[in-house]
**Q** 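Have a look at the structure that comes next, please.
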Amino acid sequence: MTTTTDATDPTADPFGEGAPLAHAARWTVLGACFHVVSDSAALLALAAQACASLPAHRFGAVAPMFHVELRLGAPRDTVYALPPRVRTQAGAGVLCGVMDAANHVVVSPGQRRALVSVSADMLERHPYHVRYEMMEFALYLLAARGQDLVPLHGACFGFGGRGVLVLGPTGAGKSTLALHALLEGLDFVAEDGVFVEPKTMRATGLANYLHVRDDALHWAEGAPHRWLASSPVIVRRSGVAKREADLRIGPGRLATAPLDLAAVVMLSDQPASGPARRSLPRDEAVARLHADQPYAAGQPHWQRFVDGAVERGVYRLDRQAHPRDALRALRPLLDADAAVA
């Protein structure tokens, strides 16, 4: 006797493994190649907002491959004015980020795979949070854990293949300085998240958007000002509203390859009262790096990164009257032939 199974019976596929993933794309970013598949054209299009048309950074001759599945679920009965914060948890080699039962991310660095599950109402009402807090969450974790990169909250830019890593507390001016680096024609790596290969001290990032407050728009003129002013406004979890300007259609240059870090610069929110930039002794540099990057400091390759940073030089840069003055103080660090004070 032959037994047939009703394909519409939910008990036949309780995990939804048979759902077709008809939409696919590949992007090389963050030093790796990401193969992204989805059962939703809209979800894949949102992922493209994060990954498409970016320089194909890689650290070796062959970029490692990571696989990401984006799955769209039914709309929920509850509608959020603001989505819940992502709660993280880990176990058995799996990393999770959970908003609720229908919206979560599961990352398996060992398998080089990630699953992003999104409800239809979340995609419709909160696409920024889906992209920024779920999709990019998966990309960052896979890239960092799968390539032994050190993940840092900071900015990076430079020229001639050399870069500076800019760190500092919220409000110290990282985004404004990054904006001016872009306007001055420096090669741009990232404004928010930077990933460093500690063996070589080369840095990559997701150079998709620049986030600046409206009070920084007066620094730009002409076409750059129009680019910023016409960019949509997003609201951070902190309540701070920022312009999210697409770097792929704006002025300036995106770095075509990871930059070799020449120095690490710690921004201070204190007005300059002496030399704009000063070198930090090792003990102070190590303490400041640890305090500024608590998450990265807990990662396996942190000490190697710190050693590389100290070898290249860690500097304090006090707040300048104009961002151009800050850039002027940083430029000697990028000149391979200059004597670094």
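Just so it is clear, the model here is predicted, and its values are computed rather than measured.
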**Q** Could you check whether any side-chain N or O of Arg312 sits under 3.5 Å from a backbone N or O of Leu261, counting only pairs where one atom can act as donor and the other as acceptor?
**A**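 Yes; judged by distance alone, with no hydrogens or angles, the pair exists.
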**Q** When you look at Val306 and His290, which way does the side chain to side chain contact (heavy atoms under 4.5 Å, CB included) test go after all the steps?
**A** CA-CA 9 Å; Val306 170; His290 193 284; over 6 Å; no
**Q** For Ala216 versus Thr176, what's the shortest heavy-atom pair and its separation?
**A**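 Reported closest heavy-atom pair: CB-OG1, 4.0 Å.
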**Q** Could you tell me if the side chain of Glu284 sits less than 4.5 Å from the side chain of Val286, heavy atoms only?
**A**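 Answer no - side chains too far apart.
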**Q** Would you say the side-chain atoms of His67 pair up with the backbone N or O of Arg112, donor to acceptor, closer than 3.5 Å?
**A**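 Judged by distance alone, no pair lies under 3.5 Å.
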**Q** Charged N to carboxylate O under 4.0 angstrom, Arg76 versus Asp121?
**A**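 So Arg76 pairs with Asp121 through a salt bridge.
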**Q** Between Arg125 (side chain) and Pro83 (backbone), is there a donor-acceptor pair under 3.5 Å?
**A**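 Such a contact is absent between Arg125 side chain and Pro83 backbone.
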**Q** How close do Gly158 and Leu259 get, counting heavy atoms only, and between which atoms?
**A**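 For Gly158 versus Leu259, the nearest heavy atoms are N-CD1, 3.7 Å.
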**Q** Side chains of Trp27 and His35: does their closest heavy-atom pair fall under 4.5 Å?
**A**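 Trp27 vs His35: side chains apart.
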**Q** Tell me, with the steps shown, if Leu46 and Val130 meet side chain to side chain contact (heavy atoms under 4.5 Å, CB included).
**A** CA-CA 8 Å; Leu46 187 60; Val130 171; 3.6 Å; yes
**Q** Indicate whether the side chain of Ser268 and that of Arg316 have a donor and an acceptor atom separated by less than 3.5 Å.
**A**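 Per modelled atom types, Ser268 and Arg316 side chains form a pair under 3.5 Å.
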**Q** Using 4.0 Å as the upper bound for N to carboxylate O, is an ion pair formed by Arg236 and Glu244?
**A**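 Salt bridge absent between Glu244 and Arg236.
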**Q** For residues Leu167 and Leu177: do they belong to one hydrophobic cluster (side chain heavy atoms under 4.5 Å, members Ile, Leu, Val, Met, Phe, Trp, Tyr)?
**A**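 Result: no, two separate clusters.
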**Q** Answer yes or no: is there a side-chain heavy-atom contact under 4.5 Å between Val235 and Val240?
**A**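 In short, these two side chains do not touch, never coming nearer than 4.5 Å.
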**Q** Quick one: NE2 on His129 to CZ on Arg85, what's the gap to the nearest 0.5 Å?
**A**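 Between His129 NE2 and Arg85 CZ, I get 10.0 Å after rounding to 0.5 Å.
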**Q** Do the side chains of Val37 and His23 get nearer than 4.5 Å, heavy atoms only?
**A**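 Sidechains of Val37 and His23: no contact.
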**Q** Mind telling me whether Tyr132 and Tyr128 have parallel, tilted or perpendicular rings, with 30° and 60° as the class edges?
**A**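 The rings of Tyr128 and Tyr132 lie parallel, inter-plane angle below 30°.
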**Q** Side chains of Arg328 and Gln320: is there a donor and an acceptor less than 3.5 Å apart?
**A**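 Short answer, no.
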**Q** Looking at Asp325 and Arg319, is any side-chain nitrogen of the basic one under 4.0 Å from a carboxylate oxygen of the acidic one?
**A**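 Not counted as a salt bridge, because no side-chain N and carboxylate O are separated by less than 4.0 Å.
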**Q** Tell me whether the count of non-hydrogen atoms from other residues, nucleotides or ligands lying under 6.0 Å of CD in Gln303 goes above 12.
**A**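 Above 12, so yes.
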**Q** Whether Arg131 engages the ring of Phe137 as a cation-pi pair (distance to the six-membered ring centre under 6.0 angstrom, angle to the ring normal within 45°) should be assessed.
**A**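 Output no; distance or angle outside limits.
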**Q** Out of Val86, Val116, Val98, which one pairs with Val105 under the side-chain contact (heavy atoms from CB on, under 4.5 Å) rule?
**A**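 Only one of Val86, Val116, Val98 forms a side-chain contact (heavy atoms from CB on, under 4.5 Å) with Val105, namely Val116.
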**Q** Would you indicate whether the side-chain heavy atoms of Leu254 and Asp187 approach each other to under 4.5 Å?
**A**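 Heavy-atom side-chain distance check fails, nothing below 4.5 Å.
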**Q** Quick one: do Arg237 and Glu133 make a salt bridge, cutoff under 4.0 Å?
**A**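 Glu133 and Arg237: salt-bridged.
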**Q** Does Leu327 form a side chain to side chain contact (heavy atoms under 4.5 Å, CB included) with Arg324? I'd like the steps, not just the answer.
**A** CA-CA 5 Å; Leu327 280 180; Arg324 289 197 192 97; 5.5 Å; no
**Q** With a 4.5 Å heavy-atom cut-off, do Leu289 and Asp292 have their side chains touching?
**A**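 Side-chain contact under 4.5 Å: no.
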**Q** Once rounded to the nearest 0.5 Å, what's the spacing between atom SG of Cys33 and atom CE of Met65?
**A**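 Answer rounded to 0.5 Å: 3.5 Å.
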**Q** Which value, rounded to the nearest 0.5 Å, describes the distance between Gln293 atom CD and Arg288 atom CZ?
**A**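 One finds 13.5 Å between CD of Gln293 and CZ of Arg288.
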**Q** Would you say the side chain of Phe59 lies within less than 4.5 Å of the side chain of Leu149, judging by non-hydrogen atoms?
**A**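 Side chain of Leu149 against side chain of Phe59, heavy atoms only: contact under 4.5 Å found.
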**Q** Hey, quick one: are Leu330 and Val196 part of the same hydrophobic cluster, counting side-chain heavy atoms closer than 4.5 Å, chains of contacts allowed?
**A**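 Each belongs to a different hydrophobic cluster.
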**Q** Hey, what do you get for CG (Asp192) to NZ (Lys174), rounding to the nearest 0.5 Å?
**A**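 Here the interatomic distance stands at 8.5 Å.
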**Q** In sequence, state the C-alpha distance, the side-chain angles, and the governing distance for Tyr315 and Val264, and then conclude on side chain to side chain contact (heavy atoms under 4.5 Å, CB included).
**A** CA-CA 6 Å; Tyr315 300 84; Val264 177; over 6 Å; no
**Q** I want to know whether Trp219 and His322 have ring centres closer than 6.0 Å.
**A**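 Here the rings of His322 and Trp219 have centres that are less than 6.0 Å from each other.
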**Q** Closest approach of Ala114 and Leu142, non-hydrogen atoms and distance?
**A**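 Reported closest heavy-atom pair: CB-CD1, 3.7 Å.
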**Q** In plain terms, say whether Asp214 and Arg243 are close enough for a salt bridge, that is, a side-chain N and a carboxylate O under 4.0 Å apart.
**A**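 Between Arg243 and Asp214 there is a salt bridge, with a charged N closer than 4.0 Å to a carboxylate O.
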**Q** Which atom names give the shortest non-hydrogen contact between Val233 and Ala241, and what distance separates them?
**A**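 Nearest pair, atom of Val233 first, then Ala241: CG1-CB, 3.9 Å.
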**Q** Identify the heavy atoms of Phe66 and Ala32 that sit nearest to each other, and give their distance.
**A**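 That would be CE1-CB, 3.2 Å.
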**Q** Would you find a donor on one side and an acceptor on the other, under 3.5 Å apart, between the side chain of Ser175 and the backbone of His211?
**A**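 Judged by distance alone, yes, a pair lies under 3.5 Å.
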**Q** Where the side chain of Ser230 meets the backbone of Trp227, is there a donor-acceptor pair that is under 3.5 Å apart?
**A**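 At least one qualifying donor-acceptor pair exists.
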**Q** Could you tell me which non-hydrogen atom of Ala74 sits nearest to which non-hydrogen atom of Ser119, and how far apart they are?
**A**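 Heavy-atom minimum between the residues: O-CB, 3.6 Å.
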**Q** Can you tell me how far CZ of Arg213 sits from CG of Leu228, rounded to the nearest 0.5 angstrom?
**A**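 Interatomic distance, Leu228 CG to Arg213 CZ, rounded to 0.5 Å: 14.5 Å.
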**Q** Where the side chain of Asp39 meets the backbone of Leu21, is there a donor-acceptor pair that is under 3.5 Å apart?
**A**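 Side chain of Asp39 to backbone of Leu21, a donor-acceptor pair under 3.5 Å: no, none is there.
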**Q** If you define the side chain from C-beta out and look only at heavy atoms, does anything of Val314 sit under 4.5 Å from Ser279?
**A**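 With C-beta onward as the side chain, the pair stays apart.
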**Q** Examine Phe195 and Val189 and state if one hydrophobic cluster contains both, with Ile, Leu, Val, Met, Phe, Trp and Tyr joined whenever side-chain heavy atoms are less than 4.5 Å apart.
**A**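 Not linked; separate clusters.
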**Q** Give a yes or no on whether Leu247 and Leu186 share a hydrophobic cluster (residues Ile, Leu, Val, Met, Phe, Trp, Tyr; joining criterion: side-chain heavy atoms under 4.5 Å apart).
**A**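 Leu247 does not cluster with Leu186.
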**Q** Same cluster for Leu183 and Leu267 if Ile/Leu/Val/Met/Phe/Trp/Tyr side chains link at under 4.5 Å?
**A**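 No.
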**Q** With a 6.0 Å cut-off on the ring centroids, do Phe157 and Phe188 count as close?
**A**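 No, the ring of Phe157 stays outside the 6.0 Å limit from the ring of Phe188, centre to centre.
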**Q** Output yes when a side-chain donor or acceptor of Ser38 lies under 3.5 Å from a complementary backbone atom of Leu70, and no otherwise.
**A**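 Indeed, once roles are kept as given, a pair shorter than 3.5 Å links the two residues.
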**Q** Can you tell me if His126 uses its side chain to pair, donor with acceptor, with the backbone of Tyr80 under 3.5 Å?
**A**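 Checked: pair present.
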**Q** Counting N and O atoms only, with roles assigned by atom type, does the side chain of Arg162 sit under 3.5 Å from a partner on the main chain of Leu334, one being a donor and the other an acceptor?
**A**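 Yes; judged by distance alone, with no hydrogens or angles, the pair exists.
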**Q** Measure the spacing between CZ of Arg248 and CG of Leu54 and express it to the nearest 0.5 Å.
**A**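 Interatomic distance, Arg248 CZ to Leu54 CG, rounded to 0.5 Å: 5.0 Å.
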**Q** Got a donor-acceptor contact below 3.5 angstrom from the Arg277 side chain to the Ala329 backbone?
**A**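 Such a contact is found between Arg277 side chain and Ala329 backbone.
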